[in-house]
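Below is one structure, written out as structure tokens, with a few remarks after it.
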Amino acid sequence: MKIKLANIAHGRAGDKGNTLLLSLIPFKPEDFSKLVNNVTAEKVKIHLKNQLQGEVKRYVLPELNAIQFTCFEALGTGVTTSIGMDTHGKSLSYALLEMEIEVG
Amino acid sequence: MKEKIRIGCGAGFSGDRLEPALILAEYGNLDYLVLECLAERTISLAQKRKKNDPNLGYDPLLERRIKGLLPFLIKNRIRLITNMGAANPKAGAQKIIEIAKSLNIPVKVAVVEGDDVFEKLTGNEFTLESGKLLEEYGDLVSANAYLGIDAIIPALKTDANIIITGRVADPSLFLAPLAYEFGWDINEPNLMGQGTMIGHLMECAGQITGGYFADPVSKPVPNMDTLGHPFVDVEANGNATISKVSGTGGLISSQTAKEQLLYEVIDPHAYLTPDVVADFSKVKIQEIGIDKISISGGLGKQAPDSLKVSVGYNAGYLGEGEISYAGANAKERAFLAGEIIEKRIGKLYDEFRIDYIGLSSLHGMELSKDSSPYEIRVRAVGKTFDKTLANLVGEEVEALYTNGPAGGGGARKNTQELMGVVSILMDRKKINPILTILES
């Protein structure tokens, strides 16, 4: 069965220069492993391929029950000089939550 | 020594609302109020204002904020710590003194400077973003080092009511009063890590009380219109609880705290500030009451030898034009408008793009291809160092009225100066904080 991340998780986007940070936090603790198993750095990179130029690094944080994705070269030429509508990439938290994963 | 101190955060960015800060100052039983008002680029823009007028360059809302807050700060014996000094902390302090005099309130202001390191640049520094040399960025406008608590604590040791700074690391605005009041050893990294974690959770004000969190479907937050800003109670051992003034709107939960804990954090195991390399990965957040959480478990390693310096540079102009299409074939007419503009002027710019607002402007076509809006707004944007050429984008979009597809409406044009910001590292021994006291 396919489910959308938005149905089981939430998150916030942040920026540092040209680096985009995306957190992914399950609503229910028991869904953490689904996120860890299905939402890999590689999948995030493919899902957001129109936005992300550089590498994606994933930090799994079991004590916090959360995942952080650090996406390099993600905001055009960076927050201060990008010609995009959303120069900070703040709305990208919801783009990540559009991802669908296969769960048993 | 106090057993517990309470710090409120009444602003999380330069344009933040005033009312939540007033509520904190009046009803929050605070020891300290922090107003964090400096984003990466804010200080470069302030530097430009200072160049035009040497009496300016501090936060544009400083006057309004101080006028409203000062009576409560004095009456309730709250010390204010703020980076509203931006590019000109001394001028900001003088403005505060002027306001205090006009209100007949005696006040002492401590000014923390020394973050401005523009004169110390050589141009041969490597930028952290691209690895390119600073001199390759052309016309440099400003350079401000992120100062830490070692710059703020001497100001707290005076009897100043208000401490105003330029660029300091945001969490340091909170860690400084903790270290000062509790006599924390700045070489004790776990205490510095815990205090930095507290500061990081607090520094965006409303972002931990339900602001930037609310989603009426998946994350409902009550009474957003009266969203309160947070305060934190910290004990001498670093244990802390975050809450807000009762009766204000919003929500504080482990969910709001987690989103904020990871906000803008590149590596959760190593969050770099001038005070510590903080580790947020083992933080424990517990809901202990309505809109009340306890936080513990911030760790740290020794502070870095170099400080981050934000360097502002002139990045040219951005020209924009927008126009809307609605009804039958709105999408097709919008695409035609975009195609026309692209063919007419697209090649003239260093960077150029067309966005379809309502369809694909935020995340490209990939995620939005199945949607079918009633109306679409075309946005053309070009970047260039030539101001006349930047203006041309809006002019060409406006000209779609009589030279483009049917039914275009609501054309708007806009040109703005772009201020770029890159970062370098500088040996902290080269950077000397300066303290000055002004009195009304």
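To find a chain, count down the sequence lines: A is the first, B the second, and so on, and within it residues start at 1.
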query: Distance under 6.0 Å and angle within 45° of the ring axis: does B/K219 meet both against A/F27?
result: no

task: Select one option (side chain, backbone, both, neither) describing which atoms of B/Q260 are under 4.5 Å from chain A's heavy atoms.
output: both

task: Answer with side chain, backbone, both or neither: which region of A/N65 has an atom nearer than 4.5 Å to a non-hydrogen atom of chain B?
output: both

B/L362 portion near chain A, given a 4.5 angstrom heavy-atom threshold: both

- prompt: What about A/Y94 and B/H363, are their ring centers closer than 6.0 Å?
  reply: no

Proximal component of B/F280, with respect to chain A [non-hydrogen, under 4.5 Å]: backbone

- request: Give, as side chain, backbone, both or neither, the part of B/I285 having an atom under 4.5 angstrom from any heavy atom of chain A.
  value: side chain

- line: Scored by heavy-atom pairs under 4.5 Å with chain A, the best of B/K282, B/E129, B/M365 is B/K282

statement: If one checks every heavy atom of A/K49 against chain B at 4.5 Å, the contacting part turns out to be side chain

- prompt: Checking A/S82 against chain B: side chain, backbone, both or neither under 4.5 Å from a heavy atom?
  reply: backbone

field: Gap separating the CG atom of A/L97 from the OG atom of B/S218, nearest 0.5 angstrom
entry: 8.0 Å

field: Contacting moiety of A/L92, where chain B heavy atoms sit under 4.5 Å
entry: both

- line: So, the part of B/R379 with a heavy atom under 4.5 Å from chain A: the answer is side chain

field: Approximate separation, where rounding is to 0.5 Å, of B/Y263 OH and A/K16 NZ
entry: 8.5 Å

- request: Measure distances from B/Y317 to the heavy atoms of chain A and classify the residue's part below 4.5 Å as side chain, backbone, both or neither.
  value: neither

statement: So, the part of A/A66 with a heavy atom under 4.5 Å from chain B: the answer is side chain

message: Which one wins on heavy-atom pair count under 4.5 Å against chain A: B/S44, B/S423, B/G420?
response: B/G420

Most contacts with chain B, counted as non-hydrogen pairs under 4.5 angstrom, among A/A6, A/S91, A/G17: A/S91

query: Is there a donor-acceptor pair closer than 3.5 Å between any side-chain N or O of A/Q68 and the backbone N or O of B/P268?
result: no

- prompt: Parallel under 30°, tilted from 30 to 60°, perpendicular over 60°: which one fits the rings of B/H269 and A/Y59?
  reply: tilted

task: Tell me, for B/V265 versus chain A, whether the close heavy atoms (under 4.5 Å) come from the side chain, the backbone, both or neither.
output: both

message: Please rank B/E40, B/K284, B/R41, B/Q255 by heavy-atom pairs under 4.5 Å with chain A and give me the top one.
response: B/Q255

- request: Calculate, to the nearest 0.5 Å, the distance between atoms NE2 and CG belonging to A/H10 and B/D215 respectively.
  value: 11.0 Å

query: Of the backbone (N, CA, C, O) and the side chain (C-beta and beyond), which part of A/D86 lies under 4.5 Å from a heavy atom of chain B, both, or neither?
result: both

- line: Value for CD1 (A/I83) from CZ (B/F352), rounded to nearest 0.5 Å, stands at 8.0 Å

statement: Ranking A/N50, A/I25, A/L21, A/N7 by heavy-atom pairs under 4.5 Å to chain B gives rank one to A/L21

message: Once rounded to the nearest 0.5 Å, what's the spacing between atom OG of A/S23 and atom CD of B/E259?
response: 5.5 Å

task: Starting at OG1 of A/T19, measure out to CD1 of B/I266 and round the result to the nearest 0.5 Å.
output: 4.5 Å

query: Of all heavy-atom pairs between A/T80 and B/L418, which one has the smallest distance, and what is that distance?
result: O-CD2, 3.8 Å

message: Given 3.5 Å as the limit, does a donor-acceptor pair link the side chain of A/R12 with the main chain of B/T256, or not?
response: no

Among the listed options A/K90, A/E73, A/E98, the residue most often paired with chain B at heavy-atom distances under 4.5 Å: A/K90

- prompt: Would you say B/L262 and A/L61 make side-chain contact, with heavy atoms under 4.5 Å?
  reply: yes

query: What part of A/L64 lies closer than 4.5 angstrom to a heavy atom of chain B: side chain, backbone, both or neither?
result: both

